[in-house]
Protein chains: 2
Amino acid sequence: MGLKVCSFNVNSIRARKELILKWLQEKEKNIDILCLQEVKVQEELFPYKDFEEIGYKAVVYSQKAYNGVAVLLRRNIDHIIKGIGDEYFDQQKRVLSVKTGDLWIINVYAPHGDLRGEDKYYYKLDWYRRFSQFLKDNFSPEEKIIMVGDFNVAIEDKDVWNPELLKDSIGTMPEEREAFRNILNWGFVDCFRYLYPDKKQFTWWDYIGGAVWRDEGMRIDYILATKPVVEHLKDIYVDTWTRKRRKPTPSDHAPVIGLFEGIK
Amino acid sequence: MGLKVCSFNVNSIRARKELILKWLQEKEKNIDILCLQEVKVQEELFPYKDFEEIGYKAVVYSQKAYNGVAVLLRRNIDHIIKGIGDEYFDQQKRVLSVKTGDLWIINVYAPHGDLRGEDKYYYKLDWYRRFSQFLKDNFSPEEKIIMVGDFNVAIEDKDVWNPELLKDSIGTMPEEREAFRNILNWGFVDCFRYLYPDKKQFTWWDYIGGAVWRDEGMRIDYILATKPVVEHLKDIYVDTWTRKRRKPTPSDHAPVIGLFEGIK
DNA sequence: GTTTCAGCAG
DNA sequence: CTGCTGAAAC
């Protein structure tokens, strides 16, 4: 009777629909809240029906070709916030907040970024600043909040397979880490690292060169929780069932799954 | 101990590979000579290996994105002619001739054409003239020749589902029919019509509107044979096993299969 | 309706 | 390496 929450960057809901449905039915039958990133589809074209048939209501905030997030759940939907309240940044559909009971779910797809000095490098840092503001404006660390998603930052060196090789690359730069750290400092706990201080576990592996087979990846997908929720954290793990296959082609990310017990 | 010859416009060997292999192994296990059209792939990228594994040697004459033909066979390859000996027309890879024993196989993908007066309308008629010349230059009607392929012409009104509706459309125009008739008159018999003078049987159905389910098609794929071969013709049929399905997506054409008995 | 490509994004 | 778009071809 725990609460099972999943964050999964699917890299296109259309390309991945069959695999996700199979996974939900054969491997992870009792996920309560499924947060998807990079669904890359117009909202009207989201396959609502397929997920309804297995019991999920879908809240979708998305756009054509890029970005797009969705929260699928088997619980009441009591409030929805689409975007971060910024006309400029909300041109890219990256954040969807859904309240169920007294629990907020914030589903995030942070910008990928680029190398230092490039346009997208600055966009990412600016986005993080604006996103911090959004959190401060709408939530309090005293509330029950589970924030999940692809933050496109590996918070520590132990979260990348080869820190020397990947020093100062996208997702490991100190200024990116600081931007993400600000979010945590506001009042979130990194659930995975909280339970497993030393574990090497990645959530993303490059498609190129079959990196997943040598476990050359990064941990950039997170389940974060405010203090009132962390108390209920029971376990958290990365499920490579979808990722470690060739056909049908998987997402380059694996889902992260958190278990919370005794939460209403 | 007959000879089974197949003509199949696959509309991309890469998109269709799995379906064709499945069909060859589950439905048509004993095809001796398989002629493919519109393989749409660079020769280096043709999946030679997959067909070798089930016993076929592949001779490929193809190009990127458009056109491209291949002859797959389980017999000796004694001579190969690529193209029609014309630098201009051979920019489009449409004709591949393979000799096995004293039997010639000529595999043809004729131009699609366009409505009267358009560039591609003239290209098609010009191509037919040049192709006639190629036949005269290289072969004799006294030889054993099986010529197959997508000729993009429905030779008679009974070869289209609605002759009134499709009058003067691509593939039914009198000048296209005359161009194809010239080929037949040189010394080829239309094997299907020879055995079945009145049968309504199409080989192509438009993807649009699910035409195949209402049998709204055209007969534009043929197996032709010179007199010394027609004597051995036993049967000919269109196999809709691949065409009548939704997944994996089939070609818009169905294969035509001819049976010749007592041929060396 | 389906496939191809280039160009872009990740 | 995989995905999406938009145009062109059929």
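Letters go in sequence order (proteins before strands), and every chain restarts at 1.
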*Identify which nucleotide among D:dC4, D:dC10, C:dC5 has an atom closest to any side-chain atom of A:Ala15, counting heavy atoms from C-beta outward.*
D:dC4
*Can you check the B:Gln92 CD to D:dC10 P distance for me, whole Å?*
8 Å
*asked:* Taking any heavy-atom pair under 4.0 Å as a contact, classify B:Arg246: base, sugar-phosphate, or nothing.
replied: nothing
*How long is the line joining CH2 of A:Trp205 and C1' of C:dG10, in whole Å?*
17 Å
*Whole angstrom is fine here: how far is it from OH in B:Tyr123 over to P in D:dC10?*
10 Å
*Please tell me which of the listed nucleotides, D:dC1, D:dG3, C:dT4, lies nearest to the side chain of B:Ala65?*
C:dT4
*Write down the distance between CG (A:Asn67) and C1' (D:dG3), rounded to a whole number of angstrom.*
13 Å
*Given the side-chain rings of A:Phe180 and A:Tyr222, with only the six-membered ring counted for Trp, is the space between their centroids under 6.0 Å?*
yes
_If I take atom CH2 in residue B:Trp204 and atom C1' in nucleotide C:dG1, what distance separates them, rounded to the nearest angstrom?_
11 Å
*With a cut-off of 6.0 Å (strictly less than), are more than 12 heavy atoms of other residues, nucleotides or ligands near CD of A:Gln25?*
yes
*What is the distance from NZ of B:Lys17 to P of C:dT4, rounded to the nearest Å?*
13 Å
*Of all the nucleotides listed (C:dG1, D:dG3, C:dC5), which has the minimum atom distance to the side chain of B:Lys64?*
C:dC5
*asked:* So, OP1 or OP2 of C:dG1: does either fall under 4.0 Å of a side-chain N or O from B:Thr249?
replied: no
*Picking from C:dT3, C:dC5, D:dC4, which would you name as closest to the side chain of B:Asn11?*
C:dT3
*Any chance NZ of A:Lys27 has more than 12 other-residue heavy atoms, nucleotides or ligands included, within less than 6.0 Å?*
yes
*With the side chain of B:Lys40 defined as its heavy atoms from C-beta on, choose the nearest nucleotide among C:dC5, C:dG1, C:dT4.*
C:dT4
*Parallel, tilted or perpendicular: which describes the rings of B:Phe131 and B:Tyr128, with under 30° parallel and over 60° perpendicular?*
perpendicular
*Examine C:dT3: is either OP1 or OP2 under 4.0 Å from a nitrogen or oxygen in the side chain of B:Arg16? Give yes or no.*
yes
*Which nucleotide in the list D:dC10, C:dT4, C:dG10 gets nearest to the side chain of B:Arg14?*
C:dT4
*To the nearest angstrom, how far is A:Leu19 atom CG from D:dT2 atom P?*
14 Å
*Rounded to the nearest Å, what distance is computed from the CZ atom of residue B:Arg243 to the C1' atom of nucleotide C:dT2?*
10 Å
_Using the side-chain heavy atoms of B:Tyr66, tell me which of these nucleotides is nearest: C:dG10, D:dT2, D:dA9._
D:dA9
_Selection from C:dT2, D:dC10, D:dT2 that lies nearest to any side-chain heavy atom of B:Glu38_ = D:dC10
_Nearest to the side chain of B:Tyr109, heavy atoms from C-beta on, is which of D:dC10, C:dT2, D:dC1?_
D:dC10
_Neighbour count above 12 (heavy atom, 6.0 Å) for A:Arg214 CZ_ = yes
*asked:* Checking contacts here: which listed nucleotide (D:dC10, C:dG10, D:dC1) is nearest the side-chain heavy atoms of A:Ile208?
replied: D:dC1
_Assuming nearest nucleotide by heavy-atom distance, tell me which of A:Ser12 and A:Gly210 is located more 5' along DNA chain D._
A:Gly210
*Would you indicate whether A:Asp119, at its atom CG, is surrounded by more than 12 heavy atoms from other residues, nucleotides or ligands within a distance under 6.0 Å?*
no
